[in-house]
Amino acid sequence: VDLRPTNAKLVRRAIRLTALASGADEARAQAALEACGYQVKVAIVAIAKGLGPAEARARLAAVHGSVRAALAD
């Protein structure tokens with residue numbers, strides 16, 4: 001999920017990955033990705049935990065980038 005969407009194909013892939021991993025629909029996944037600077041991990045944590053981008057980034061940073069650990073309570 002460290003995908004860096006640099007073209008339209010990769011953006012679509014990032015949206016699908018975010019939607020699949022977070023359980024959100026594609027519209028919500030796209031909105032979260034846009035808000036999170038197209039960082040897939042941050043968007044997944046933001047959606048799943050109901051956080052803003054800054055809070056999701058901080059949560060990921062606290063667990064050294066592990067999405068699984070960031071999602072654990």
Side-chain angles (χ1 to χ4, degrees):
V1 292
D2 284 325
L3 173 70
R4 285 297 199 178
T6 56
N7 60 41
K9 178 182 174 184
L10 292 176
V11 168
R12 289 190 303 274
R13 185 176 297 163
I15 292 168
R16 283 193 308 274
L17 282 170
T18 302
L20 180 65
S22 67
D25 61 30
E26 288 195 2
R28 184 169 179 212
Q30 182 174 359
L33 278 167
E34 290 171 2
C36 295
Y38 283 92
Q39 293 177 308
V40 175
K41 286 183 174 184
V42 177
I44 291 169
V45 173
I47 292 169
K49 290 299 198 177
L51 303 172
E55 295 166 303
R57 271 189 204 90
R59 191 170 181 120
L60 275 164
V63 293
H64 308 288
S66 170
V67 173
R68 183 181 306 240
L71 295 177
D73 284 332

Original post:
Any idea which heavy atoms bring S22 and I44 closest together, and the distance?
Top reply: CB-O, 4.3 Å

Original post:
Is there a chain of hydrophobic side chains (I, L, V, M, F, W, Y, each step under 4.5 Å between heavy atoms) that links V42 to L51?
Top reply: yes

Subject >> salt bridge (Lys or Arg N to Asp or Glu O under 4.0 Å) partners of D25, counting only residues at least two apart >> reply: none

Original post:
Could you give all pairs that pass the salt bridge (Lys or Arg N to Asp or Glu O under 4.0 Å) test and reach residues 35-45, with sequence neighbours left out?
Top reply: D2-K41

With a cut-off of 3.5 Å and sequence neighbours excluded, list every side-chain donor-acceptor pair involving residues 32-40.
unit_1	atom_1	unit_2	atom_2	d
E34	OE2	Q30	NE2	3.3
Q39	OE1	R57	NE	3.0
Q39	OE1	R57	NH2	3.3

[X]: which residues meet the side-chain contact (heavy atoms from CB on, under 4.5 Å) condition with it, sequence neighbours left out?
X	result
A69	V63, S66
E26	I15, R16, A19
L10	L3, P5, T6, N7, R13

